[in-house]
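First the structure, in the form of structure tokens, and then the observations on it.
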Amino acid sequence: MERKASADNGAEVTAGYDDNATRRRQSAFARRKSSAVVEEPAAIVEASTLNDADRRLAEMGYTQVYKREFSWLSTFSFALSVSGLFASVSTTFIYPYEAGGASSAVWCWLISGFGCYCIALSVAELVSAYPTSGGLYFTCKYLAPTNWVPEISWLCGWLNLIGQIAGAASTEYGCAQLLLAAVSMAGDFNGYVPTDRQTVGVMAAFTVLHGSLNSLNTAALEKMTKTYVIFHIAVLFSCCVALLAMCDYKHTSAYTWTNVENNSGWSPTGWSFLFGFLSASWTMTDYDATAHIAEEIKDPEIKAPWSIALALGFTWIGGWLFTIVLAYCSGDVTHTLGNVVDQPVAQIFYDVIGRNGGIFFTVAACFVLNFTAMTAIQAGARTIWAYSRDEMLPLSRIWYKINKKTDTPVYAVWLFATACVCINLIGLGSYTAISAIFNLTAIALDWSYCIPIICKMLYGKFERGPFHLGWASLPINIWAVCWTSFVTIIYVMPTIRPVTPQNMNYVVVLMAAVAIFAVGYWYAAGRYYYIGPRVKTQLIMGVAAEDDKVHSSGGSSDEKRDHVP
């Protein structure tokens with residue numbers, strides 16, 4: 001809701017809050033003074049001095065801080081890279097292949113991809129209407145009932161942040177696994193086998209590298225990001241061509257599309273087949289990552305949503321085609337799944353292209369996943385910064401600081417990177433436990449998107465932006481929520497039977513822990529200081545025109561401005 005007030009000179013002051021929110025703010029601070037950030041009066045900004053993007057941001061209550069450097073190419077590249085198509089398929093192909101063989105991989109990617117794409121389109125529509133670094137968390141301010149905005153945005157925000165941290169941590173871990181898989185491949189998989197300590201050590205080195213690069217200014221990040229999409233698509237295309245051209249033992253179409261091989265131990269086979277949904281669902285996630293850099297994008301209300309829609313559409317179709325190629329060239333299931341480093345796609349590369357070609361494409365997958373980690377940390381850091389702007393996190397005054405040399409939130413970058421390393425240290429003790437944390441990524445992120453989507457459908461407060469779905473909006477939103485509800489059941493089940501302490505999926509325990517944390521922290525502290533997305537800026541309309549009148553009459557504009565609240 002917007003509130004407008006008229007000054008004596010006819011200028012209009014616009015702020016992104018209403019009287020109910022103001023009363024709630026006063027009540028919260030009466031109970032306890034905020035431990036996050038000292039409350040400051042909103043900055044007053046003249047509309048005539050702002051471009052369209054900055055003006056829209058001011059209307060939503062925020063002042064522009066970053067430089068808008070991201071263009072069409074770099075924004076699309078960012079959106080495509082965050083899914084890490086080539087690398088993500090390479091590391092998750094094991095789940096459908098183990099669950100139902102080649103046909104499970106092919107059909108489940110197509111079906112699951114459609115459900116994920118509906119979520120992506122729903123997210124893109126909301127991002128176009130409310131383009132801020134807060135992403136889908138911020139949209140709760142406009143979509144949820146006013147009296148419930150703090151509680152709903154709090155839950156949505158924590159789900160999104162925890163999902164992003166878990167996702168970035170899994171990406172960093174995957175970078176280390178792929179690099180060490182290439183080293184093992186160099187010895188024909190007969191000598192070197194990576195240990196957990198080595199994997200965690202390489203992961204930490206990668207995370208420090210990505211944190212350092214993300215400490216650069218936005219212009220440097222934009223230039224690097226533009227290269228991601230070119231390299232990514234080139235590697236994907238060349239790998240598909242190489243596999244099809246060099247594989248002498250391709251499966252028949254009947255085998256690839258219809259043969260089901262249950263290697264998971266689950267019964268009936270139809271249930272096992274459903275685990276094939278995991279590959280696409282884990283690849284096509286973090287849809288709102290591009291939204292978190294909205295304040296660094298030129299014309300974000302157009303470029304951000306279109307980049308999400310186009311990039312995820314490419315990921316859906318491109319991932320399906322790549323999966324089909326892998327299915328045709330996968331060879332014997334038992335042999336491929338028996339890879340000593342648990343990377344069946346690396347085994348396919350080795351068997352079909354040879355050792356040198358296999359090393360090249362495995363290292364290329366590692367590079368692609370590094371791009372994913374780079375974008376994930378950038379999005380995660382902007383999320384922490386945006387939450388701190390709204391005083392949601394402890395020590396927000398620190399995480400909200402912008403480095404004077406780079407104009408980027410360096411403290412937030414390193415907080416996010418440190419959280420990723422800390423999570424991955426669990427891998428030193430139990431890979432089962434760390435796998436459960438990785439599994440939490442898609443669940444937490446997808447439900448953080450569904451919360452505002454559900455609010456949009458229930459309360460009818462949504463005002464669409466330049467990118468919208470028209471008449472298809474409601475059915476797409478409904479299917480996005482239904483699909484998330486269904487696939488969550490798949491997420492929480494162990495993928496192998498018989499179930500042992502080593503292969504148990506403990507993600508349901510983590511889901512309960514996240515819920516207890518979010519609710520417990522709210523009642524213990526959050527409700528005393530957090531009042532939802534805050535107003536940091538008041539936008540003054542019409543002051544420039546009034547100045548012209550004042551100057552032409554010989555008066556002083558300062559006298560007029562003194563009356564503006």
Side-chain angles (χ1 to χ4, degrees), residues 66 70 73-85 87-88 116-117 119-128 130-139 156-157 159-172 174 210 213-214 218 221-222 224-226 228-229 232 281-297 300 303-316 368-387 408-409 412-413 416-417 419-420 441-450 452 467:
Y66 301 108
F70 276 70
L73 177 60
S74 52
T75 304
F76 173 75
S77 181
F78 187 97
L80 181 63
S81 297
V82 79
S83 67
L85 168 58
S88 296
C116 293
Y117 193 54
I119 304 174
L121 290 176
S122 301
V123 168
E125 187 177 42
L126 294 177
V127 170
S128 179
Y130 313 107
T132 76
S133 293
L136 271 287
Y137 145 84
F138 175 81
T139 66
C156 180
L159 282 173
N160 189 271
L161 181 58
I162 291 172
Q164 284 195 68
I165 294 173
S170 67
T171 302
E172 299 286 3
H210 301 148
L213 292 175
N214 267 289
T218 301
L221 292 173
E222 191 270 343
M224 287 190 291
T225 304
K226 284 192 294 189
Y228 298 168
V229 65
H232 195 165
S281 296
W282 281 337
T283 301
M284 296 177 64
T285 190
D286 206 2
Y287 313 102
D288 77 330
T290 308
H292 293 298
I293 64 165
E295 295 174 37
E296 298 167 83
I297 300 174
K303 291 186 176 71
W306 272 108
S307 295
I308 293 171
L310 294 174
L312 270 297
F314 179 87
T315 300
W316 175 26
V368 169
L369 209 57
N370 272 268
F371 299 158
T372 302
M374 276 289 297
T375 54
I377 289 180
Q378 183 178 354
R382 301 316 186 259
T383 303
I384 289 176
W385 177 84
Y387 289 5
T408 54
V413 167
F416 191 86
C420 293
T441 301
I443 300 175
L445 286 176
D446 287 357
W447 279 107
S448 76
Y449 308 144
C450 284
F467 177 95

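From a predicted model like this one, the values you see are computed outputs, not experimental measurements.
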### Message
Between Ser170 and Gly167 (side chain of the first, backbone of the second, donor and acceptor by atom type, cut-off under 3.5 Å), is there such a pair?
### Response
yes
### Message
Just to verify, which of Thr285, Thr139, Asp288 counts as forming a side-chain hydrogen bond (donor to acceptor under 3.5 Å, both in side chains) with Tyr449?
### Response
Asp288
### Message
Has Ser128 got a side-chain atom pairing as donor or acceptor with Ala124's backbone, closer than 3.5 angstrom?
### Response
no
### Query
Less than 4.5 Å apart, any side-chain heavy atom of Thr290 and any of Phe76?
no
#### Entry: Nearest-0.5 Å distance, CD1 of residue Ile162 to CD1 of residue Ile443
12.5 Å
### Under 3.5 Å donor-acceptor, Ser88 side chain and Ser83 backbone
yes
### Sequence-distant partners of Ala309, side chain to side chain contact (heavy atoms under 4.5 Å, CB included), two or more places apart
Tyr117, Leu121, Phe467
### Task
Ignoring hydrogens and angles, tell me if any N or O in the side chain of Ser307 forms a donor-acceptor pair with the backbone of Lys303 under 3.5 Å.
yes
### Query
Closest approach of Asn370 and His210, non-hydrogen atoms and distance?
OD1-NE2, 2.6 Å
### Task
With sequence neighbours left out, write down each residue that passes side chain to side chain contact (heavy atoms under 4.5 Å, CB included) with Ala289, or none if nothing qualifies.
Phe78, Val82, Asp286, Ala379
### Task
Look up atom CE in Met284 and atom CG in Asp446, then write down how far apart they are to the nearest 0.5 Å.
10.5 Å
### Task
Over all heavy atoms of both residues, which pair between Glu172 and Ala373 is shortest? Give the atoms and the distance, please.
OE2-CB, 3.5 Å
## Note on the structure
Taken in chain and number order and not counting sequence neighbours, the residues that satisfy ring pair (Phe, Tyr, Trp, His ring centres under 6.0 Å) with Tyr66 are Trp385
### Set of side chain to side chain contact (heavy atoms under 4.5 Å, CB included) partners for Ala87, sequence neighbours left out
Leu178, Ala365, Val368, Leu369
### Side chain proximity check, Pro409 to Ile384, heavy atoms < 4.5 angstrom
no
### Message
Check whether Asn160 reaches the backbone of Cys156 with its side chain - one donor and one acceptor, N or O, closer than 3.5 Å.
### Response
no
### Task
Considering non-hydrogen atoms only, spot the tightest contact between Thr315 and Leu85 and give its length.
O-CD1, 3.8 Å
### Message
According to side-chain hydrogen bond (donor to acceptor under 3.5 Å, both in side chains), who are the partners of Ser122, at least two apart in sequence or on a separate chain?
### Response
Asn477
### Query
Given Glu222 and Thr225, is the side-chain contact (heavy atoms from CB on, under 4.5 Å) satisfied, shown in steps?
CA-CA 5 Å; Glu222 191 270 343; Thr225 304; 5.7 Å; no
### Message
Restricting to ring pair (Phe, Tyr, Trp, His ring centres under 6.0 Å), what partner residues turn up for Tyr387, sequence neighbours left out?
### Response
Tyr137
### Query
What's the shortest heavy-atom distance between Val127 and Ala291, and which atoms?
CG2-CB, 3.6 Å
#### Entry: Separation between OG of Ser448 and CG of Leu161, rounded to the nearest 0.5 Å
10.0 Å
### Message
Which residues pass the side-chain hydrogen bond (donor to acceptor under 3.5 Å, both in side chains) test with Glu296, not counting sequence neighbours?
### Response
Thr218, Arg382
### Task
Identify the two heavy atoms, one from Ser74 and one from Lys226, that lie closest to each other, and give their separation to 0.1 Å.
CB-CG, 3.5 Å
### Message
Applying side-chain hydrogen bond (donor to acceptor under 3.5 Å, both in side chains), can you list everything that pairs with Ser81, at least two apart in sequence or on another chain?
### Response
none
### Considering all heavy atoms, the nearest Ser281-Cys116 contact
CA-SG, 3.8 Å
### Message
For Ala294, give me all partners under side chain to side chain contact (heavy atoms under 4.5 Å, CB included), at least two apart in sequence or on another chain.
### Response
Pro131, Pro300
### Summary
Output for pair (Gln378 CD, Thr383 OG1), nearest 0.5 Å, gives 10.5 Å
#### Entry: Inter-residue atom distance Ile293.CD1 - Leu221.CG, 0.5 Å rounding
9.0 Å
### Task
List in chain and number order the residues that pass side-chain hydrogen bond (donor to acceptor under 3.5 Å, both in side chains) with Trp306, two or more places apart in sequence or in another chain; answer none if no residue qualifies.
none
### Task
Kindly compute the distance separating CG (Leu159) from CG (Leu136), expressed to the nearest 0.5 Å.
11.5 Å
